[in-house]
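This report concerns only the one structure given below.
Each ligand, and each atom within it, is numbered from 1 in the order the structure gives. Position 1 is the first residue of the sequence, and the numbers go up from there.
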Amino acid sequence: MHCFPARMTNGGKSTLSNSLHQKIPNSCIIAQDSYFKDDSVVPVDNNGLKQYDMIDALHMDMMMSDINSLRRDPESFLRQQCQKLEPTTMTVNTEVIVLIVEGFLIFNYRPLNEIFDRRYFLEIPYDVCKRRRSLRMYTPPDPPGYFDGHVWPMYLKNRQEMESMVSDIGTCPVLFLDGLEPKEQLLAKVFKDVCEELERLRGKLQ
Ligand SMILES: Nc1ncnc2c1ncn2[C@@H]1O[C@H](COP(=O)(O)OP(=O)(O)O)[C@@H](O)[C@H]1O
Ligand SMILES: NC(=O)c1ccc[n+]([C@@H]2O[C@H](COP(=O)(O)O)[C@@H](O)[C@H]2O)c1
């Protein structure tokens, strides 16, 4: 099973994904943030702002290849991950493995979009997003004016593109989540939903 918390920057994806991973045995996380291209190849716009919030700034081919490796041979992939992740959740029972893929542009990449069992989209308002973002340190750090000059306009553009892409792919619907809700409440909601999906999948396997 693949479940996907997406997608606003600072919407709470990593927080939710890590908590889900802790609660779900046989789960693992693939995070889109790990696939950013090197800074030297990310283009700059006319205002001198690095174009990080575009699908082209990411090695999506590599991300997809890792996901496909996991799907082909989950046991060895999970054993490798096991050495890196908290051992508590990893028992490597390959009957049903939950792959949590999190990222701010995962619904804008068609091959990935086609394999979802569950899709979640965390939303927060502009001012909260801007405040949370100002407390984060990226490498390289956001230059002055980056949020209003690049991050937010690209979020609006990418969201529009995502909405048309998602609606023409006939997989599961996107469940929109209010990222202002307390973390525990969001976790409980998604955990319940994932458990229901797992029950359904286990039923199909019997
Ligand atoms: N439900 C929530 N309520 C309040 N703050 C949150 C919530 N979820 C995450 N945060 C905070 O927002 C910031 C960004 O969260 P993070 O999970 O890293 O976002 P993302 O992975 O979407 O960029 C962190 O400081 C985190 O503690
Ligand atoms: N990890 C990196 O290499 C890197 C570099 C510069 C900006 N970013 C920012 O990361 C954001 C996406 O990640 P989050 O969803 O975790 O905020 C994008 O808005 C992008 O501007 C990441």
Side-chain angles (χ1 to χ4, degrees), residues 3-24 27-45 47-63 66 85-86 99-109 112-113 118-162 174-194:
C3 85
F4 296 84
R7 74 139 238 168
M8 287 184 68
T9 177
N10 285 279
K13 302 179 296 295
S14 307
T15 306
L16 177 61
S17 300
N18 290 331
S19 306
L20 267 182
H21 169 59
Q22 291 298 320
K23 267 178 92 92
I24 303 175
S27 67
C28 56
I29 303 178
I30 291 189
Q32 196 175 30
D33 281 14
S34 318
Y35 296 89
F36 271 108
K37 291 180 182 168
D38 189 80
D39 188 57
S40 60
V41 297
V42 177
V44 176
D45 74 2
N47 301 313
L49 300 176
K50 283 266 176 186
Q51 302 295 286
Y52 266 107
D53 291 45
M54 300 169 51
I55 201 86
D56 287 350
L58 293 146
H59 287 292
M60 291 309 295
D61 46 348
M62 276 166 60
M63 185 176 179
D66 284 350
L85 299 169
E86 298 284 326
L99 168 59
I100 302 163
V101 178
E102 64 107 339
F104 74 123
L105 283 180
I106 56 177
F107 296 159
N108 290 65
Y109 188 66
L112 200 48
N113 244 325
R118 279 287 190 267
R119 290 190 278 200
Y120 308 99
F121 188 110
L122 278 158
E123 287 182 293
I124 48 172
Y126 165 87
D127 55 333
V128 177
C129 189
K130 189 168 177 172
R131 191 171 63 246
R132 285 191 192 172
R133 176 99 183 188
S134 70
L135 301 172
R136 276 276 285 281
M137 183 59 81
Y138 294 90
T139 310
D142 286 355
Y146 197 61
F147 186 83
D148 287 316
H150 178 65
V151 176
W152 191 258
M154 286 309 293
Y155 160 66
L156 297 176
K157 183 170 181 284
N158 289 326
R159 180 169 176 150
Q160 213 170 37
E161 182 190 284
M162 183 264 319
V174 176
L175 184 60
F176 287 86
L177 300 169
D178 179 358
L180 297 182
E181 280 184 21
K183 296 172 190 178
E184 303 70 29
Q185 206 167 303
L186 286 166
L187 175 62
K189 200 177 272 185
V190 174
F191 183 64
K192 181 170 175 288
D193 193 53
V194 171

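- When the heavy atoms of Asp53, Leu49, Asn10 are ranked by distance to atom 21 (O) of ligand 2, first place goes to Asp53.
- Using a distance-only test at 3.5 Å, with no hydrogens or angles considered, a donor-acceptor pair links the side chain of Asp178 to the main chain of Leu180.
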Subject >> Working for side-chain contact (heavy atoms from CB on, under 4.5 Å), residues Val194 and Tyr120 >> reply: CA-CA 11 Å; Val194 171; Tyr120 308 99; 3.5 Å; yes

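- Considering backbone and side-chain N/O atoms, Gly12 comes within less than 3.5 Å of an N/O atom of ligand 1.
- Contact annotation: Lys50 has no heavy atom less than 4.0 Å from any atom of ligand 2.
- Taking CD1 from Ile106 and NZ from Lys13, the interatomic distance works out to 8.5 Å, rounded to the nearest 0.5 Å.
- Not a single heavy atom of His150 sits closer than 4.0 Å to an atom of ligand 2.
- Annotation: Asp142 places no N or O atom under 3.5 Å from an N or O atom of ligand 2; distance criterion only.
- Residue contacts with ligand 1: Tyr138 is placed with no nitrogen or oxygen under 3.5 Å of a nitrogen or oxygen of the ligand (distance criterion only).
- Residues Tyr126 and Phe147 bring their aromatic ring centres within 6.0 Å.
- Note on residues 139-157: pairs passing salt bridge (charged side-chain N to carboxylate O under 4.0 Å, His left out), not counting sequence neighbours, are Lys130-Asp148, Arg133-Asp142.
- Ligand 1 has no nitrogen or oxygen under 3.5 angstrom from a nitrogen or oxygen of Pro182.
- Closest approach of Leu58 to Gln32, counting heavy atoms only: CD2-O, 3.6 Å.
- Counting heavy atoms closer than 4.0 Å to ligand 2, residue Gln32 contributes nothing at all.
- Between Lys50 and Val44, the shortest heavy-atom distance links the atoms CE-CG2, 3.9 Å.
- Counting the atoms of ligand 2 from 1 in the order shown, those under 4.0 Å from a heavy atom of Thr139 are 2 (C), 3 (O), 4 (C), 5 (C).
- The heavy atom nearest to atom 3 (N) of ligand 1, considering only Arg132, Gln32, Arg136, Arg131, is found in Arg132.
- When only interatomic distances are considered, the shortest N/O to N/O separation between Thr9 and ligand 2 falls below 3.5 Å.
- In Leu122, neither the side chain nor the backbone holds a heavy atom less than 4.0 Å from any atom of ligand 1.
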Subject >> Met60/Leu112 under side-chain contact (heavy atoms from CB on, under 4.5 Å): CA gap, chis, key distance, verdict >> reply: CA-CA 9 Å; Met60 291 309 295; Leu112 200 48; 3.9 Å; yes

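- Contact annotation: Gln185 has no heavy atom less than 4.0 Å from any atom of ligand 1.
- For Thr9, no nitrogen or oxygen atom sits less than 3.5 Å from a nitrogen or oxygen atom of ligand 1, counting backbone and side chain alike.
- Of the polar atoms of Thr15, at least one N or O is found under 3.5 Å from an N or O of ligand 1, judged by distance alone.
- Annotation for ligand 2: atoms under 4.0 Å from non-hydrogen atoms of Lys13 are 14 (P), 15 (O).
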**OP:** Evaluate side chain to side chain donor-acceptor pair (under 3.5 Å) for Tyr52 paired with Thr9, printing each intermediate quantity in order.
**Re:** CA-CA 12 Å; Tyr52 266 107; Thr9 177; over 6 Å; no

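- Asn108 approaches Asn113 most closely through the heavy-atom pair N-ND2, 4.3 Å.
- Inclusion of Asp33 in the set of residues having an N or O under 3.5 Å from an N or O of ligand 2 is warranted.
- Take Asp56 and apply the side chain to side chain contact (heavy atoms under 4.5 Å, CB included) test, not counting sequence neighbours, and it matches no residue.
- Close approach to Leu186 involves these atoms of ligand 1, each under 4.0 Å from a residue heavy atom: 1 (N).
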